[in-house]
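Notes for the one structure printed next.
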Amino acid sequence: MLSDYSATLEGLRRKARLRSLAPQRGVDFTSNDFLALAGAPRLKAAIMAAMERGVPAGAGGSRLLRGNHPEHEALEAEAAEFFGVDRVLYFGSGYAANSALFSTLPRREDLIVHDALIHASAHEGIAASKAAAVGIAHNDANAFDEAIRSWRRNGGRGRPWIAVESLYSMDGDKAPLAQLAEIANGHEGFLVIDEAHATGVFGTGGRGLAAGLEGRENVLALHTCGKALGVSGALLAVPGVLADYLVNRARAFIYSTAPSPLMAAGVREALRMVDDEPERREALEGLVAFVGGGLKSRFGMEPSGSQIQPVVIGDNARAVRIAETLQAQGFDIRAIRPPTVPEGTARLRLSITLNVDSEQIAHMLDCLAAAMEEHRK
């Protein structure tokens with residue numbers, strides 16, 4: 001009965017693509033806790049204070065039933081002000097938010113034009129949408145424009161939805177948001193920006209790379225809370241009418257137990273910390289420059305310019321061997337393989353956070369150089 005599943009797993013093992021769960025161990029070069037807020041004393045204190053004033057850990061039901069807690073509403077109001085938008089909806093995860101957005105808002109007559117490297121959660125939502133969809137070569141703004149023009153020439157009469165990440169999770173590069181916004185405006189379409197890896201790190205006051213675009217009628221932005229904000233959940237910033245539409249039509253919102261009110265209290269404090277503690281962003285910027293300079297001078301690799309720095313190895317098995325060597329030397333560095341990244345681009349994904357310092361980075365680069373030499377083939 002289970003042989004088919006076992007055979008599939010064996011096939012993944014032969015291709016060096018078998019995944020397994022691993023404990024947290026070693027110096028952190030893997031997490032998305034970019035600003036080291038997850039364990040910050042101030043955030044812990046805010047959550048403990050919320051518990052003391054009676055905020056529950058669980059919501060007890062969906063938002064449309066008894067699960068709509070004052071902490072949810074306070075967070076959404078404060079987040080709307082923080083990001084300068086009409087409305088914000090709080091979801092349990094970025095995955096749920098992307099699923100709700102793309103499966104609900106684009107209509108049957110519309111077209112979703114998405115970057116080929118957009119998050120898997122967006123792909124899941126797009127697959128559930130009634131709208132047509134087309135993938136576009138990574139960060140090619142002209143290709144987005146041409147895809148919409150071609151759709152119009154072939155009778156497309158709805159609205160286009162341009163879907164991108166502002167900062168890509170596996171390459172660490174940035175989308176051409178200004179060009180894409182012009183394209184969306186020119187075609188009377190929507191621009192959906194997944195800010196998962198930019199929120200808290202980039203933009204004015206840590207408000208993300210879309211900070212200059214949010215608040216427009218045709219711009220939607222997703223800010224996840226489990227990365228730089230150090231807590232959990234996701235904030236979907238949308239025009240008010242679309243927020244009401246999601247509350248009434250998005251199955252991922254309607255039929256899910258509401259996110260933890262306690263986590264909502266935590267996100268409220270995390271947003272305040274982003275505002276109050278700009279020195280965290282400044283310190284991270286310094287570490288990013290340090291690791292980028294080391295990769296360029298020692299390996300000839302072009303820095304990504306962000307806290308996400310891929311070290312592309314190519315071969316799946318070699319990437320795994322190098323990662324395992326580094327793990328044995330005390331670094332939490334993981335190999336990322338297809339289908340998470342395209343075939344032939346297996347890599348080490350170096351995530352730079354305030355959980356490390358320049359001395360640890362320098363030691364890691366020494367060990368990386370030795371491991372790459374040891375596993376040349």
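All residue numbers in this chain count up from 1 along the given sequence.
The environment of Glu279 atom CD is dense: over 12 non-hydrogen atoms of other residues, nucleotides or ligands sit within 6.0 angstrom.
Remark: Glu324 does not engage Arg321 in a salt bridge, criterion side-chain N to carboxylate O under 4.0 Å. A salt bridge between Glu146 and Arg153 is present, with a side-chain N of the basic residue lying under 4.0 Å from a carboxylate O of the acidic one. Ion pairing between a basic and an acidic side chain is recognised when a charged N comes within 4.0 Å of a carboxylate O; Glu214 and Arg207 show no such pairing. Under the 4.0 Å criterion applied to side-chain N and carboxylate O atoms, Glu343 and Arg17 are assigned as salt-bridge partners.
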Next item on the list: Decide yes or no on side-chain hydrogen bond (donor to acceptor under 3.5 Å, both in side chains) for Thr340 and Arg349, but give the supporting numbers first.
Entry: CA-CA 12 Å; Thr340 303; Arg349 176 186 182 270; over 6 Å; no
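In the hydrophobic clustering, Leu18 connects to Leu9, Leu12, either directly or through intervening members, whenever side-chain heavy atoms lie under 4.5 Å apart.
Taking the six-membered ring where tryptophan is involved, the planes of His72 and Tyr90 are tilted, since the angle between them lies from 30° to 60°. Ring geometry for Phe34 against His197 counts as tilted: the plane angle lies between 30° and 60°, on a 0 to 90° scale.
Counting heavy atoms from C-beta on, the side chains of Leu37 and Arg280 come closer than 4.5 Å.
Shown are Asp194, Thr224, Asn98; of these, the side chain to side chain donor-acceptor pair (under 3.5 Å) with Ser121 is made only by Asn98. For the pairing with Leu180, the side chain to side chain contact (heavy atoms under 4.5 Å, CB included) check across Leu191, Val192, Val113, Asn139 returns one residue only, Leu191. Only one option out of Glu78, Glu73, Glu76 pairs with Arg268 in a salt bridge (charged side-chain N to carboxylate O under 4.0 Å, His left out); it is Glu78.
Scored by the side chain to side chain contact (heavy atoms under 4.5 Å, CB included) test, Thr325 finds Gln329, Ala371, Glu374, His375 as partners (sequence neighbours excluded).
Checked by atom type and distance alone, the side chain of Asn355 never pairs as donor or acceptor with a backbone atom of Asp28 at under 3.5 Å.
Ser99 and Glu124 are not linked by any side-chain donor-acceptor pair at a separation below 3.5 angstrom, with hydrogens and angles left out of the test.
The distance between the ring centers of Tyr168 and His138 falls below 6.0 angstrom.
Residue Leu284 is grouped with residue Phe290 when hydrophobic side chains (ILVMFWY) are merged at heavy-atom distances under 4.5 angstrom, including chains of intermediate members. Cluster annotation: Tyr95 and Leu222 are assigned to distinct hydrophobic clusters (Ile/Leu/Val/Met/Phe/Trp/Tyr, side-chain heavy-atom contacts under 4.5 Å, transitive).
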